[in-house]
Amino acid sequence: MKKLPRSFYSRSAPHVAKDLLGKILVRRIGHTTLSGKIVEVEAYLGKKDPASHAYRGKTRRNEVMFGEGGHLYVYFTYGMHFCANVVTGKKDVGEAVLIRAIEPLDGIELMKRKRGFTDVRHLQGARHLNKLTNGPAKLCEAFGIKQQENGTDLRGDELFVIEGESPKSPIGTSTRIGITRGKEKKWRFFLKGNEWVSR
DNA sequence: TAGTTGATCGTCT
DNA sequence: GACGATCAACTAA
């Protein structure tokens, strides 16, 4: 399957967000490949969206958001977590899509190790497996995405997105999670009924 | 099961 | 100096 073209990312954030559902995020670490299906996303617009990091204009922290679409914006928050965003739109627009949840496909054992799933309790039963990547900070930990990956081109060879099957389950829409400003906008999209969607 | 809280620090005011 | 696009552990019922 092939990598998504630059033109896929150069559209507005809500469009890209919806279309990212069902696509496959691929991460290569050494000789190991991790991959997973994107099942939950949120769109963050630029200067017009008070919930967006880009709301107050470009700073050193958010400068990647103002770059060309198709790059990864990684930020550090709550003193201990990373979150991954796909930058969308043209240069200087400042839009991005937060990847909130993923359904693991390849490299599950390595993801478990990265998440610290060593306890026997975690190994038995698929019941606990969904805790692996059902949240923005969790999937970053599972995929080894850190500050270092900020600005990565998603059409490179270590971190990229490829076509998947077009999603069979219907797409749900809701308000975004964990924000206090601009919370009325329905810019969260997810695959209805998918086990890996957060909450 | 719902609700509360501690952890922990870069960024902006 | 306050707070945040979070998570996990804890409490109460």
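First the proteins, then the strands, lettered A, B, ... as listed; each starts at 1.
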Expressed as a whole number of angstroms, how long is the span from [X]:[atom1] to [N]:[atom2]?
| X | N | atom1 | atom2 | answer |
| --- | --- | --- | --- | --- |
| A/Y55 | B/dT13 | OH | C1' | 15 Å |
| A/H81 | C/dC3 | NE2 | P | 19 Å |
| A/F190 | C/dA5 | CZ | P | 21 Å |
| A/E42 | C/dA5 | CD | C1' | 6 Å |
| A/H53 | B/dT11 | NE2 | C1' | 10 Å |
| A/L132 | C/dC7 | CG | C1' | 14 Å |
| A/L98 | C/dT6 | CG | C1' | 11 Å |
| A/M65 | C/dA5 | CE | P | 11 Å |

- Task: Output yes if the stacking criterion (under 5.5 Å between centres, under 30° between planes) is met for A/F76 over the base of B/dG10, else no.
- Result: no
Checking side-chain polar atoms at under 3.5 Å, does [X] have a donor or acceptor matched by the opposite partner on [Y]?
| X | Y | value |
| --- | --- | --- |
| A/H71 | A/Y9 | no |
| A/K58 | A/N62 | no |
| A/S198 | A/E40 | yes |

- Per A/K138 side chain, nearest of listed nucleotides C/dC7, C/dT6, B/dC12: C/dC7
- Closest nucleotide among B/dC12, C/dA5, C/dT6 to the A/R56 side chain: B/dC12
- Taking only the side-chain nitrogens and oxygens of A/K131, find out if one of them lies under 4.0 Å from OP1 or OP2 of C/dA8. no
- Query: Think A/T59 has a side-chain N or O under 4.0 angstrom from the OP1 or OP2 of B/dC12?
  - Reply: yes
- Residue pair A/A84 / A/C140: nearest heavy atoms and the distance that separates them: N-SG, 3.5 Å
- Heavy-atom closest pair (A/T133 atom, A/W196 atom, distance to 0.1 Å) is OG1-CE3, 3.9 Å
- Aromatic rings A/F76 and A/F82: how do their planes relate, parallel, tilted or perpendicular, breaks at 30° and 60°? tilted
- Message: Is any side-chain heavy atom of A/V16 closer than 4.5 Å to one of A/F8?
- Response: yes
- Message: Between A/L72 and A/L159, is there a side-chain heavy-atom distance shorter than 4.5 Å?
- Response: yes
Under 4.0 Å, heavy atoms only, any strand: does [X] hit a base, just the sugar-phosphate, or nothing?
| X | answer |
| --- | --- |
| A/R61 | sugar-phosphate |
| A/I179 | sugar-phosphate |
| A/A51 | base |
| A/R115 | sugar-phosphate |
| A/R60 | nothing |

- Task: Indicate, yes or no, whether a donor-acceptor pair under 3.5 Å links the base of B/dA7 to the side chain of A/Y78.
- Result: no
- Say you pick atom C1' in C/dC3 and the same atom in B/dT5; how far apart are they, in whole Å? 16 Å
- Note on the structure: Base-pair string, DNA chain C, Watson-Crick plus G-U, cut-off 3.5 Å on both distances, | for inter-strand, is ||||.|||||||.
- Item | Which residue lies more 5' along DNA chain C, comparing A/R181 with A/E141 via nearest heavy atoms | A/R181
